[in-house]
Structure formats: C-alpha cells, structure tokens
Amino acid sequence: MGKEFWKSACPHDCPSGCALEVERLSSSRIGRIRGAAANDYTDGVVCAKVARYAERVHHPDRLKRPLQRIGEKGSGEFRPISWDAALDEIAGAFAKATEQYGPEAVWPYHSGGTMGVVQRYGIERLRHAFGYSRQHSTICMTPAESGWRAGVGKLTGADPREMAQSDLIVVWGGNPVSTQVNAMTHIAKARKQRQAKLAVIDVYRTPTVEAADIGLVLRPGTDGALALAMMHVLLAEGLADRDYLTQYTDFDADVEAHLADKTPDWAAQLTGLSVDEIVEFARLYGRTPKSFLRLGFGFTRSRNGASAMHAVSCLPAITGAWRYAGGGAFFINWDIWSLDLALAHGLDWVNPATRILDQSRIGPVLCGEPAALAGGPPVTAMLMQNANSANVAPDSGVVARGLSRSDLFLCVHEQFMTATARYADIVLPAAMFLEYDDIYYGFGQTHLSAGPRVLDRYEECRSNHEVVCQLGRRLGANHPSFEMTAVELLDATLRASGKGTWEDLARRGWMDCAQEFEESHFLKGFPTPDGRFHFKPDWAAIGPYHAGMVALPQHCENFERPTAAFPFRLVVPPARTFLNTTFTETSSSVAREGQPRALVNPADADRLGIVEGSLVQVGNDRGQIRVRARIEQTARTGVVIVEGNWPSNAFLDGVGVNVLIGSDAVPPNGGAAFHDTAVWVRSAQER
C-alpha cells in the first residue's frame with residue numbers, strides 16, 4: 001500500500017508560503033512533509049525544519065489542557081483548569097477592565113506564529129466588536145514596507161519565478177539558503193540554464209553569501225550609501241535609461257544633483273567596501289538588462305531601514321530593468337490578493353477613533369509610557385495569540401517588567417510553555433496548523449494556498465478561531481461570524497472575493513494570483529497617485545515619524561553608530577533552523593544550532609583576548625548577556641553577530657539577546673530596529 005499524502009500549506013512567518021504534501025500515517029500522526037511538486041513556486045522543495053514537522057506536532061511538551069497561574073508571574077507555576085472556567089475568567093477580566101477604564105484597556109495582541117487569514121487575523125473581529133485597542137503590526141516588515149511603498153506605491157512587484165529568466169540576481173539583505181529555500185531553486189535554474197550571476201549583499205558571510213558568485217559584506221546600516229553610489233556610477237557612465245526615467249518616474253535635475261557627490265569614494269568610507277568593488281558591481285548591474293533585485297528584510301531592520309529600502313528600490317528605475325522579463329525587483333506581495341475580509345476580520349465594525357498601539361512597543365505600552373499608550377488608559381487585560389513577546393519583542397527587559405505587573409490580566413493561547421506563557425494568568429492550549437482549516441498568502445510569491453485539516457485535534461487544544469468565537473459569545477457579541485466555523489468563514493470570504501469556494505480551493509490546493517507582466521512590471525504606470533516611480537517620496541504620507549527624512553534617495557545617519565562607550569555594532573539575524581522562537585523546542589533544530597554564540601571577527605578577538613568557545617559579555621545601557629564566542633572572519637571588524645532567536649533560558653544567565661535592542665519607533669511608520677544596536681563586548685569569567 002502506497003504512502004498517503006494530504007494537501008496542506010505552511011502557516012509560518014516566512015515569505016515562501018509553501019504548498020505542502022503531508023504524509024498522513026493515521027488520523028493522529030504524520031510522517032514526513034514535502035513541498036508540493038505541482039506548485040511551480042514551491043517546486044517540490046521545503047525547508048528542513050518543516051520537513052521534520054512531526055517532531056513538533058507530536059512533541060511531548062505540547063500544552064494539553066488549560067492552566068491557571070498559582071505562583072508568581074514568570075514562575076511557571078500553574079494548575080489545570082477546565083475550558084469553561086478558563087473562558088469565564090478571561091471574559092470576566094475583559095469586562096472588569098472595560099468597566100474600570102473603558103474598552104481600550106483591553107488589548108488583543110497577535111503576531112506571526114501563524115499567517116492564516118482566519119486563525120491569525122480572526123482576533124481582529126474580537127477587537128473591533130468591542131472597541132478594544134487596535135494594533136499597529138510593525139514588528140516584522142514595517143520599515144521595509146515603508147521604503148518600498150515610498151517609491152513603488154504598493155507591495156507588488158515582478159514575479160519571483162522570473163528569477164529563472166534573469167542574467168543577474170541580486171539578493172540584498174536576505175539569506176534564502178537558510179530562510180527561503182524555494183527562492184534558491186529559481187536562482188539555481190538561472191545559474192544553470194543561463195549562466196546567470198548571483199550577487200549577495202549582507203553584513204556577514206551568510207550561507208547565501210558563501211554560495212554567491214559575488215558577495216559584498218557591508219558595515220551595518222550602510223546599504224543606502226551603496227545604492228546611492230551605484231546610482232552615481234550608473235548616471236556618470238551612461239548606464240541609466242534616460243527614456244525610462246522620463247516616461248515612468250519623477251527623476252529630475254534635483255535628484256541628479258543630489259546624487260552627484262554620492263561617489264564611490266564617499267560610499268567606500270561608509271560601507272567598508274573598496275572603491276573598485278562598488279564601481280565594478282555598479283557596472284555589472286548597469287550592463288545587465290535582465291537584472292533582478294530580490295530584496296529581503298534584513299537590511300531594513302535599522303532606524304534608517306526605510307530610507308535604505310527606498311534607495312535600493314530606485315536602482316531598477318535608473319536602469320529601466322523593469323522593462324524585461326527577468327528584470328526589475330521584488331520585495332513581497334501583500335496587495336495582490338483582493339480578498340474581501342470584512343466578515344473574517346470584522347472590518348465593518350472598525351471605529352477609527354479607537355486608539356492604535358504599536359506591537360513593537362509592547363514594553364513601553366505595558367510599562368505605562370504615555371506616548372506609547374497614545375494618551376489613553378493603561379492596558380490591564382490582554383489575549384495574546386501567535387506571539388512570544390517576552391523573547392521576541394525589542395527591549396525585552398522592559399517587556400518583562402510590563403508582563404510582571406500585578407494589575408495586568410494576561411491570557412496566552414499557545415502551543416508550548418513559552419517565556420511569555422509563564423507570565424500568563426491563564427494559558428490555553430493551541431492547536432497546530434495540521435489540526436485546523438485556513439488559507440495562507442504566499443507573500444514571497446503569488447499563490448493563495450489552502451491548508452485543510454489533516455489531523456484530529458491533540459488532547460484539549462483548540463484553534464485560535466474557536467477561542468475568539470467562544471470569548472465573543474461570552475462577552476455578548478451579536479454577529480453571525482461568531483457562530484460560524486472556520487470553513488464557513490473561509491468559504492464566505494472566497495465567495496465574496498469572487499475566488500470560488502473553500503471546497504474548490506481545498507481540492508486544488510492553491511490558486512495563482514499573479515498579475516499580468518505589464519502590471520507587475522508597472523509598464524502601465526506605478527501604483528502611485530501620478531503613476532510614476534517616486535525618487536522624491538512623500539515620507540509624511542507614509543507615517544508620523546518622518547522628521548529628518550528628505551524627499552530624495554537618502555542614506556540617513558540616524559542609526560546607532562559605534563561610540564567610545566559602545567564600540568561594536570550588534571546584528572541578530574535568524575538562525576537557520578529556527579523561525580523567531582518557533583522550532584526552538586524541536587530536538588533536530590536545537591542539535592544543529594548547538595547553543596547561542598557571538599560571532600566575533602578574529603582581529604577584534606585578538607585585541608580583546610577572546611578565544612574560540614570562551615565566554616563574552618555583550619552589553620549596553622539596556623542590559624547585558626553572557627554567551628560563548630565563535631571566532632570567524634564573517635563580519636567586518638567592530639561587528640558582532642548573535643544568530644537566533646534563542647529563547648532566554650538558552651543563555652547562560654537566562655537573559656536573551658533582545659534585552660539589548662531598543663524599542664523606539666523606527667521612522668517613518670514604526671517598527672523594530674533589531675539589527676541596529678551599539679554595544680560593548682568584553683571577555684567574561686565563568687561562574
């Protein structure tokens with residue numbers, strides 16, 4: 001008898017959005033997971049961590065039943081409680097907060113633990129139905145999104161499958177060998193079939209840099225300077241498409257004059273690259289019509305990240321690479337799906353007057369900072385789904401203080417006893433994606449994929465949708481969506497959007513929402529008010545923190561630069577087999593990663609007396625951590641890398657790396673500057 005594979009889709013916060021085939025051994029067990037071969041983006045490929053998902057879904061430490069806190073917050077001391085008693089307590093706490101301070105004292109909070117249309121964002125229905133505080137979801141992509149929108153207008157771009165038709169692929173600020181393996185499949189086709197070149201730009205020698213034909217390792221925060229110098233060379237050496245600039249952009253004499261002194265010599269001093277490296281790369285890019293920029297998140301997780309993204313996005317407008325299949329640029333697709341989400345997300349109930357709290361600033365919000373609270377009442381009750389903010393959010397020391405408040409009621413709906421769950425008053429056991437139904441955006445590609453239920457529910461776990469509906473009913477929500485199953489909501493959403501039915505999508509597995517070539521390459525105009533790409537962006541229209549940003553391609557100097565007190569720059573990129581703090585509980589991922597390490601340049605190590613495997617302290621005014629050193633010629637001198645995101649208890653003192661990261665809002669529209677931190681590094685003693 002052959003193996004039985006069921007269609008599904010990966011729910012995780014990764015641009016690939018893979019269509020999956022799941023080996024179903026029984027109604028309660030799976031074997032291996034593979035990428036769907038018939039999906040021409042996934043192309044039969046899936047990352048190792050999802051391929052081994054049986055480790056996670058069948059993990060013995062999964063939460064099994066509701067729990068009620070009996071010890072101090074953060075102690076992890078709980079007792080079992082029934083679902084009815086747990087839901088009654090949550091509803092009572094929300095009602096009490098509303099009576100005392102008004103509904104804005106309740107803050108439903110979610111993040112990217114699942115990217116499902118219903119299972120992640122259904123919590124918005126609860127928020128809007130009762131007027132609870134809204135959420136500005138900034139922690140992942142807001143700086144990058146802001147920079148892309150500033151020039152292009154919307155989150156669309158060239159189909160990433162076109163990389164197979166390119167002659168030069170530039171991966172800028174991404175590490176797809178580790179974090180988006182499907183992109184490498186299409187890049188490999190171009191390299192094999194067209195002898196295309198792969199160039200990678202990053203701040204350390206990632207596996208993708210190692211795999212590249214050209215690897216450019218910059219100082220953190222200087223990507224915008226490199227892009228400006230490249231534009232200078234393209235204009236000075238006649239490699240700009242002047243006809244394209246006139247027809248499709250707002251490029252003018254002011255922009256050209258601004259770029260006149262952004263020379264390779266100027267950029268070399270900032271980036272650490274040589275003048276020759278900058279000039280040669282600019283010439284290669286300018287002389288290759290089918291040049292494709294695959295832009296990642298990494299270089300935008302800085303206080304100047306939005307301006308850097310905008311500057312880089314100007315490059316294909318300078319050369320006119322948008323004209324060609326296999327040319328142009330791609331960041332993410334977020335504006336191509338055309339789903340009517342009014343019912344699924346409760347959008348018809350939104351009160352524009354309700355305050356919006358910044359997800360990335362959860363620490364200042366919970367610690368009562370007036371600006372973070374937007375002038376409103378304290379947050380005294382929360383439901384948290386798909387989030388592990390105690391580890392993942394910036395300035396985690398402040399987050400811990402906020403979560404420890406005795407007057408804060410916290411319910412965490414989670415799959416494992418995370419650092420955040422340990423602070424909860426009520427912990428609810430959450431179903432995993434194979435145990436419920438949903439649909440997912442492939443925001444790094446063009447497919448909308450179905451993820452129908454494959455397994456029976458584990459123990460007493462319930463889905464996000466079920467919890468939202470059950471709480472809504474207890475609190476008195478009078479709307480039919482709180483009586484609908486996930487499948488009924490998904491079906492209604494697809495029908496309202498003109499995209500068929502849930503049954504059809506689940507049977508096919510996915511639908512391709514790709515735009516036509518002329519639309520995705522903006523040959524009929526860019527999705528901006530005037531139809532042009534904007535070299536001169538209106539930053540004030542993008543967000544409220546635009547002070548100091550000028551209407552030109554710009555290298556902003558607002559990032560945390562080294563000082564005598566804090567001479568190093570810290571970057572905290574994802575580890576290959578983790579995804580935020582997801583997969584940090586699976587044995588194969590932990591075995592591969594070993595333990596948290598600080599990657600230190602050999603020259604810095606010699607100067608500081610640090611040797612391989614020795615303890616180092618890394619710190620600043622926000623806090624400090626102790627971690628083992630790995631001596632590698634991977635980043636430039638003065639740069640230390642701590643790959644993660646390891647849970648706090650993996651560090652020697654139980655303090656995770658995000659204690660060092662600032663939680664101030666990133667210009668112009670908020671976000672977290674995870675890769676923009678000035679620190680000191682010292683040799684440490686064993687304890």
Return all side-chain donor-acceptor pairs below 3.5 angstrom for residues 10-19, not counting sequence neighbours, or 'none' if the list is empty.
from, atom 1, to, atom 2, distance (Å)
His12, NE2, Tyr53, OH, 3.0
Ser16, OG, Asn182, OD1, 2.8

Q: Can you sort out the partners of Cys367 under side-chain contact (heavy atoms from CB on, under 4.5 Å), two or more places apart, ordered by chain and number?
A: Val398, Arg401
Q) Considering residues at least two apart in sequence or located in another chain, which fulfil the side-chain contact (heavy atoms from CB on, under 4.5 Å) criterion with Ile356? A) Arg134, His136
Qualifying salt bridge (Lys or Arg N to Asp or Glu O under 4.0 Å) pairs, either residue in [range], two or more places apart:
range: residues 417-428; answer: Arg69-Asp425, Lys73-Asp425
range: residues 462-471; answer: Arg457-Glu466
range: residues 434-451; answer: Arg62-Glu435
range: residues 78-98; answer: Asp84-Arg474, Asp88-Arg474

Q: State whether the number of non-hydrogen atoms from other residues, nucleotides or ligands found under 6.0 Å of Glu77 atom CD is greater than 12.
A: yes
Q | Candidate pair Arg125 and Phe482, rule side-chain contact (heavy atoms from CB on, under 4.5 Å), full reasoning | A | CA-CA 9 Å; Arg125 290 186 298 115; Phe482 286 94; 3.8 Å; yes
Partners of [X] by side chain to side chain donor-acceptor pair (under 3.5 Å), sequence neighbours excluded?
X: Gln445; result: His447
X: Asp358; result: Thr138
X: Arg405; result: Asp407
X: Ser648; result: Asn391

Examine distances only and state if a side-chain atom of [X] and a backbone atom of [Y] form a donor-acceptor pair shorter than 3.5 Å.
X: Thr420; Y: Ala390; answer: yes
X: His345; Y: Val117; answer: yes
X: Glu593; Y: Thr577; answer: yes

(Q) Restricting to ring pair (Phe, Tyr, Trp, His ring centres under 6.0 Å), what partner residues turn up for Phe409, sequence neighbours left out? (A) none
Q.
Side chains of Ser133 and Arg355: any donor to acceptor distance under 3.5 Å?
A. yes
Q) Should the ring pair Tyr132 and Phe130 be called parallel, tilted or perpendicular, given that the plane angle runs from 0 to 90° and is split at 30 and 60? A) parallel
Q) Are Tyr41 and His186 close enough, and set up right, to give a ring pair (Phe, Tyr, Trp, His ring centres under 6.0 Å), and what steps lead you there? A) CA-CA 8 Å; Tyr41 183 78; His186 300 284; 5.0 Å; yes
